[in-house]
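To start, the structure under review is shown below, and the notes come after it.
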Amino acid sequence: AMPPRPPKEETKWEKFAKAKGIPLNKEKRSRKVWDEATGTWMYRHGHEKANSSSKEWPIMEVGANDDPFDDPWEKLRDSKRARTEKNLENRMKNQERVGNLAKG
C-alpha cells in the first residue's frame, strides 16, 4: 500500500483568512430580503426591490417663477415623453443614414 499523502500546505489566502478570522466557506448573500412595508419577500436590488421609497411620490418644491397650481409630475412625464420621442427620431435618422431603413 502507498503511504498517506502529506498534509496540504495552506495557501496565502487561507493563512490570511485564518489570521483575520474570515470564514472560508461563507454563505452567499441571498437575493431576496424581507420587506417590512409589504410583509413579503422581495428582491434586494433592481425592479420592485424591497424597502424602496420609490413607490411614494417625492415632495417637489415650487420654483419662484412656477405656477403653484401646475402638476409637477405631469411636467416630468411630458418632458420624459418629449425626450423619448426625440431619441426615437434620432435613432430612425441614424438607421436611415446607415442604410438599414428606407429613406423617408
Side-chain angles (χ1 to χ4, degrees):
M2 303 253 324
R5 205 181 265 193
K8 248 187 183 175
E9 198 175 314
E10 283 186 327
T11 64
K12 226 174 176 183
W13 164 251
E14 288 169 340
K15 288 178 189 167
F16 174 77
K18 191 181 280 183
K20 292 287 185 179
I22 301 169
L24 291 174
N25 301 9
K26 190 168 77 170
E27 274 190 35
K28 291 198 174 185
R29 248 169 105 179
S30 70
R31 289 183 54 211
K32 291 198 170 183
V33 289
W34 184 255
D35 185 18
E36 298 292 332
T38 60
T40 57
W41 289 95
M42 298 181 85
Y43 290 109
R44 190 180 295 273
H45 307 288
H47 181 62
E48 292 187 5
K49 68 180 185 178
N51 303 319
S52 74
S53 59
S54 64
K55 295 171 187 116
E56 300 154 9
W57 285 20
I59 296 171
M60 300 178 100
E61 293 184 14
V62 178
N65 298 333
D66 293 343
D67 180 13
F69 300 106
D70 274 351
D71 185 6
W73 294 279
E74 188 177 353
K75 199 181 294 182
L76 279 175
R77 280 192 299 269
D78 291 344
S79 65
K80 177 161 183 161
R81 190 173 299 119
R83 286 195 313 271
T84 54
E85 286 172 2
K86 182 181 176 191
N87 187 3
L88 182 71
E89 285 177 25
N90 288 340
R91 208 175 79 216
M92 293 297 185
K93 284 178 188 174
N94 287 337
Q95 294 286 333
E96 282 179 8
R97 193 175 331 127
V98 170
N100 293 347
L101 289 177
K103 299 248 188 229

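Since the model is a prediction, treat every value here as computed from it, not as a measurement.
- Scanning both residues, Val33 and Tyr43, for their nearest heavy atoms gives CG2-O, 4.3 Å.
- Using a 4.0 Å cut-off between charged nitrogen and carboxylate oxygen, Lys75 and Asp78 do not count as a salt-bridge pair.
- Looking at every heavy atom in both residues, Lys18 comes nearest to Glu10 through NZ-OE2, 2.7 Å.
- Rounding to the nearest 0.5 angstrom, the gap separating the NE2 atom in His47 from the CE atom in Met42 is 9.0 Å.
- A donor atom on one side chain and an acceptor atom on the other are not found under 3.5 Å apart for Asn94 and Arg91.
- Distance check, rounded to the nearest 0.5 Å: CG of Leu24 to CH2 of Trp13 gives 7.5 Å.
- In this structure, Glu89 and Met92 have side chains that are not in contact, with every pair of non-hydrogen atoms separated by 4.5 Å or more.
- Counted within 6.0 Å of CZ on Arg44, heavy atoms from surrounding residues, nucleotides or ligands total more than 12; the atom is thus considered enclosed.
- Note that the CD atom of Glu9 and the NZ atom of Lys15 stand 5.5 Å from one another [nearest 0.5 Å].
- Taking the side chain as every heavy atom from C-beta outward, Pro72 and Glu61 never approach each other to under 4.5 Å.
- Heavy atoms only, all atoms of each residue included: Pro68 and Val62 are closest at CA-CG1, 4.1 Å.
- Between atom CG of residue Asn87 and atom CD of residue Glu85 there is a gap of 11.0 Å, rounded to the nearest 0.5 Å.
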